[in-house]
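Below you'll find the structure, written out as structure tokens, and then a few comments.
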Amino acid sequence: MADAVTYGLGINADETLESMIEKSVTAETLGLKYVWIADSPVQLYGPIVAAAVASRTAKMHIGLGLMSVLLHTPSQIADALITLSDAYGDRFDLCIGLGDRRQLSQVGVHTNDFASLPLRVLEAKRKITSRLRKAGVRTKIWLGAQGPRMLRVGKSFDGVLLNYSRPEMIQWAIREAGLPGNHELTIGTYSPSYVHIKPQATILRLAKVSAAVVAVGATNRILKEFGLYEKLRKARKMADSSPTVEAILAAVPDEVVEYFSITMRTTQLPSYMAKLTHLGVSHVVFAYPQNHSIQTVRELAAGLDLVS
Amino acid sequence: MQTAALSLGVTSLAPIGKIRRIASLAEHSGVYGMWIGEDIGRGSDVFVQASAAMLTAPTTNVGIGVTSPMVRNISTIARAAAALAEIDPGRFGLGLGVGGLQDLARLGLTVEKPFMMMKDAVHALRRIWAGETLTLQGENFDLRQFLVRYQSRFNVPLYLGVRGPKLLRLAGQIADGVILSGPMAYLKKALEIVRTGAIGRGTRSRPRIVVWLPTLVVRKRKDQDLARAVAATVIADTPAKVLEMAEISETAVESVRRTARERGYPAASSYVTEELLNSFTISGNARHVSQVLQSLAELGADEVVFGPPFGTPLTRSIREVVSAWQTL
């Protein structure tokens, strides 16, 4: 595997704890440096999943997030990191951001004043950093960002995690945020992925659904920038009415999905990674459904072996 | 033969090393379980601590007693409890309460209707865990078409850590257990109210009664000083209604409260009389501590909790009390 780039497996905390641990252990054994544990209102509480994974892995870095600053207070986020680090050492990264607007509104967290949100995230980061520093905890803090307004505060973080996969989109984000040349800042991607040796139709479908969901939730600005806005108009209109998976798939064109997922054969991964590395991306997280099974984790590792 | 179970108690202020040590002592000394109380906003995550305790002590029951829906979204409490229940189904219990008066005041929070908050919280958690698509819009919670993706259709025993008569009655009616704390005279009345609330539920489903008071083994003068400081802390946080039920006049605690407010707990501890000390804490040698715990069992507790602050050294204090308890 390439030295300059670190790779991670994204774990969705909506499967069983034991299954998440098993896949994390497999990923560590196969040489992946990171596992990222998601946290959202519909999933198991990320910090406990992180604790359970840490208790069964040795050195692997564990990313926690995205932790929504609208759902948790900065103190709560910092306290989770402090307790995790006390218990398992300085092995944790944190990604903060806003989170899925639809899921948050389902639990009574509503966002209206969009213009103030980047500053709110920035203020949360400042409070978290201060609390962690006071406790002597070293944690890399990432910003989970997509649109230009949020990207602009990225410079105040240790890293920015983008949730799209097309190199030209990533290049746009880096330029938009004024990030090039900032060697202190790590640029990472976190996308629905399926790197495979023998593709399975069911998992390809899951990757497509996941990417479609990300696409539907993308900011207007980025969709317009890449000519996707009109293509997604119908899907975005139906998004608030809890559409079925079939309806989402029918409404989101395949060409749109490609912008938001890393779905390719293992043999295609080296050239894709070369493009990302050229752009300055140094952390890549292969998210759901790459964690679908032990076999899909193994296929990812096989692909990454080709990248070295 | 003891009629009640003995557990160990700790608060989330304790560093993780101490929590693991107490979990390990609980596991190896044969006590029933371990409770972790949340000190709100004081630098630790009580759910992560509970997970560390469960992983350290693979057969010990672990409970959180209590956390507050005032400070966390109810969906977060639901999924944290779900994750803990997944570590080992049947070993985790969740205590809910409004939260310590002083903790809430520090965060600028006030509770207008604690009864409805606790009732709605229990209702919401059970329905979330049952796998229902839940819409619940009220003063306390705002859930709309909320359906979790983690494995549901499980049950976590819900304890209410409450003090006033209305909430005690509610606990008797709807909770799986109740965590009581306060002076002995108060506890007798509180137990009666819980029992009255539970009438009609049937013996098998009556709530489990847990009594948890600050407890420590006293060996030296400094242990005695600590006991008084702990009593001062508890007195400062005790609502007027509890004092009234305990037949302790406001005047009797006024000096403690005023000094705690103005100069802190250590200074306030000098106003803790022997009577107040014995009302709000259990302190003395290991045999005395275990005898008082036993008297709580005779009062009707199903489970009594030893600690914090335990006394020093920690391990010796726990071993002595557990041993004295087992030989009573």
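We name chains A, B, ... by the order of the sequence lines, and we start the count at 1 in each one.
Other residues, nucleotides and ligands place no more than 12 heavy atoms under 6.0 Å from the CZ atom of A/Arg133. Within a 6.0 Å radius of NZ in B/Lys119, no more than 12 heavy atoms belonging to other residues, nucleotides or ligands are found. Atom CZ of B/Arg319 has 12 or fewer neighbouring heavy atoms from other residues, nucleotides or ligands inside a 6.0 Å radius. Counting heavy atoms of neighbouring residues, nucleotides and ligands inside a 6.0 Å radius, atom CZ of B/Arg20 exceeds 12 of them. No more than 12 heavy-atom neighbours from other residues, nucleotides or ligands sit within 6.0 angstrom of CD on B/Glu139.
Heavy-atom distances place both the backbone and the side chain of B/Leu143 under 4.5 Å from chain A. Contact annotation for B/Ile87: both backbone and side-chain heavy atoms come within less than 4.5 Å of a heavy atom of chain A. With a threshold of 4.5 angstrom between heavy atoms, B/Arg42 approaches chain A through N, CA, C or O but not through any side-chain atom.
Across all non-hydrogen atoms, the minimal contact from A/Leu44 to B/Ala83 is CD2-N, 3.6 Å.
The candidate from B/Ile19, B/Leu84, B/Asn73 with the greatest count of non-hydrogen atom pairs under 4.5 Å with chain A is B/Asn73. Of all the listed residues (B/Thr135, B/Val148, B/Asp142), the one sharing the greatest number of non-hydrogen pairs under 4.5 Å with chain A is B/Asp142. In terms of heavy-atom pairs under 4.5 angstrom with chain A, the leader among B/Ser51, B/Ser44, B/Ala78 is B/Ser44.
Between B/Phe47 and A/Pro47, every side-chain heavy-atom pair lies at or beyond the 4.5 Å cut-off. Between A/Gln103 and B/Arg149 there is a side-chain heavy-atom pair separated by less than 4.5 Å. Contact check for A/Val49 versus B/Tyr150: no side-chain heavy atoms found under the 4.5 Å cut-off.
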Could you go step by step and tell me if A/Val42 and B/Phe146 meet the side-chain contact (heavy atoms from CB on, under 4.5 Å) rule? CA-CA 8 Å; A/Val42 296; B/Phe146 178 60; 3.8 Å; yes
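The line from CE of B/Met54 to OG of A/Ser55 is 12.0 Å long, rounded to the nearest 0.5 Å. To the nearest 0.5 Å, atom CE of residue A/Met20 and atom CD of residue B/Glu86 are 6.0 Å apart.
Within residues 71-89 of chain A, the residues having any heavy atom closer than 4.5 Å to a heavy atom of chain B are A/Leu71, A/His72, A/Gln76, A/Asp79, A/Ala80, A/Ile82, A/Thr83, A/Leu84, A/Asp86, A/Ala87, A/Tyr88, listed by residue number.
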